[in-house]
There are 2 protein chains.
Amino acid sequence: MPPALDIHGKVNALRIFFRKTGRPPTFREAMELFGYKSIASVQFALKRLEKLGYLQKGASGRIAFTNRISGDIRLLGSVSAGFPSPAEEETVDLLNLTDFLVRRREATYILKVDGDSMIDALIGPGDLLIVERGRTPKNGDIVVAAVDGDWTVKYFEKNGRSVRLVPANKKYNPIEPNQSLEIGGIVRAVIRKYGA
Amino acid sequence: MPPALDIHGKVNALRIFFRKTGRPPTFREAMELFGYKSIASVQFALKRLEKLGYLQKGASGRIAFTNRISGDIRLLGSVSAGFPSPAEEETVDLLNLTDFLVRRREATYILKVDGDSMIDALIGPGDLLIVERGRTPKNGDIVVAAVDGDWTVKYFEKNGRSVRLVPANKKYNPIEPNQSLEIGGIVRAVIRKYGA
DNA sequence: TCTTGAATAGTACAAACGTACTATTAGGAT
DNA sequence: ATCCTAATAGTACGTTTGTACTATTCAAGA
């Protein structure tokens, strides 16, 4: 019995191929990818990958990914629950970050925080904001807005007709727009990456 | 002159098709997707999408996505720089969240914070941690670890042979493990999502 | 030592593919 | 009214595709 198939090697090769070409490989391209000399070897390997849930059978049999290949991360429970045992990992949820954080990709932008006016809302300099444009903020939303021409990120507060932009830092005062207020977008998520 | 091509309608249809089937459509499938009756109409439309940067020419002409379709978000500058004008949007960077935040997907997990011991590091209850396993932490890294059997998230501090786990909250004391310390993983990023 | 099964190789062929033509319609510009 | 171009439709064909066979090798287990 020969050594077992290198499943992860093949999954990675498929991911890299897709990143580069924007589509899954054909069987003959997969031959080259996997270092095979024969279509039938590819068939055998792909059947195994399908069984493991990385690929799916589509119309006319062409190679098609499941979302186990297209970039999801395992979503565990709380920190205090720790990590699952290897047996438990089988049933773990998968999470696609973009799908999870973004509702309308065409209306969504990422901006970097460069001040500390929202520090008490646990948003600091360098943090990335996922901002959705084209929606009307509700009370308590965090927004990116231009106040009298200056862009800022603040809590949005509305009282009747009156609008205030409220920082989450005692060092700053709430702002009541004088001449103009343009809501750039609503902050839907914050991301902080550590290290390089 | 008939009404202009519905580019975004087609881009969305391609995204949905890919989500469902794990691969781009063939020309004949794109016919159905776009509501066309002719291969040549698909050729015309796809040529336009390619020109606009949504598709790329691959081997033997089959439909292939660029990363303008495969899920990236527009990365702008700082908050204070605000949003680009429509003209500036043409040259904006795209960012794939998973690629940006995750180095080794097979070793990466998402866990939810359920305490406030790291609040002064701007990490609060409900935040999601992107945790990479199987690496050795350096001084100052934030880790998820089991201390004498209890899982927690803390700063990792090492002094010679001595290891401490340091909270970012005055309410708690640094921990020096008594019997056992297991590093579950290193926190590479924090995510906070607002709303539902 | 023999058997079994996993993992590989080789090949022919029907079906599906994309290409490159021709053709038509209709609205805007002249 | 005429012309031009974008956007659609139709078709034949050469190329590429996946399938379904047969075949071989080798390590583990009996």
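Chain identifiers are assigned alphabetically (A, B, ...) following the order of the sequence lines, protein sequences preceding nucleic acid strands; residue numbering begins at 1 within each chain.
Considering only the side chain of Gln43(B), dC21(C) comes nearest among dG18(D), dT8(C), dC21(C). In the set dA6(D), dA20(C), dC17(C), the nucleotide with an atom closest to the side chain of Ile39(B) is dA20(C). The side chain of Arg62(B) lies closest to dG18(C), out of dG18(C), dA16(C), dA9(D). When each of dA7(D), dG10(D), dT17(D) is scored by its nearest atom to the side-chain atoms of Thr26(A), the top-ranked nucleotide is dT17(D).
Atoms CZ (Arg48(B)) and C1' (dA7(D)) sit 9 Å apart, rounded to a whole Å. For Phe44(A) and dT25(D), the CZ to P distance is 18 Å, given to the nearest whole Å. Regarding Lys47(A), its NZ atom lies at a distance of 14 Å from the C1' atom of dA6(C), rounded to whole Å. Nucleotide dA6(C) holds its P atom 16 Å from the CG atom of Leu49(A), rounded to whole Å. Atom P of nucleotide dC17(C) and atom CZ of Phe27(A) are separated by 14 Å, given to the nearest angstrom. As a whole-Å value, the separation of Arg23(A) CZ from dT17(D) C1' is 12 Å. Look at OH on Tyr36(B): it is 16 Å from P on dG18(C), rounded to the nearest Å. Between the CE atom of Met31(A) and the C1' atom of dT11(C) there is a distance of 12 Å, rounded to whole Å.
Geometrically, Arg133(B) engages Phe83(A) in a cation-pi contact defined by less than 6.0 Å to the ring centre and at most 45° from the axis. A cation-pi contact links Lys193(A) to Phe100(B), judged by a cut-off of 6.0 Å to the six-membered ring centre and 45° from its axis.
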Candidate pair Arg23(A) and Glu29(A), rule salt bridge (Lys or Arg N to Asp or Glu O under 4.0 Å), full reasoning: CA-CA 11 Å; Arg23(A) 58 173 179 77; Glu29(A) 284 164 335; 2.8 Å; yes
Residue pair Asp141(B), Arg135(B): steps toward the salt bridge (Lys or Arg N to Asp or Glu O under 4.0 Å) verdict: CA-CA 11 Å; Asp141(B) 280 350; Arg135(B) 289 303 203 231; over 6 Å; no
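When each of Pro25(A) and Ser38(B) is assigned the nucleotide of DNA chain D bearing its nearest heavy atom, the one mapping closer to the 5' terminus is Ser38(B). Nearest-nucleotide mapping onto DNA chain C: of Lys37(A) and Arg28(A), the residue sitting toward the 5' end is Lys37(A).
Using five terminal pairs a side, the axes of the helix from dT1(C)-dA30(D) to dT30(C)-dA1(D) at its two ends make an angle of 30°, given in steps of 10 degrees.
Within 4.0 Å of Lys57(B), counting heavy atoms only, lie sugar-phosphate atoms of the nucleic acid but no base atom. The residue Ser41(B) sits close to a base: some heavy atom pair falls under 4.0 Å.
Ring centers of Phe18(B) and Phe65(B): under 6.0 Å apart, within the cut-off.
Asp148(A) places a side-chain N or O within 3.5 Å of a backbone atom of Asn178(A) that can act as its donor or acceptor partner.
In this structure, Ala145(A) and Ile183(A) approach most closely via the heavy-atom pair CB-CD1, 4.0 Å.
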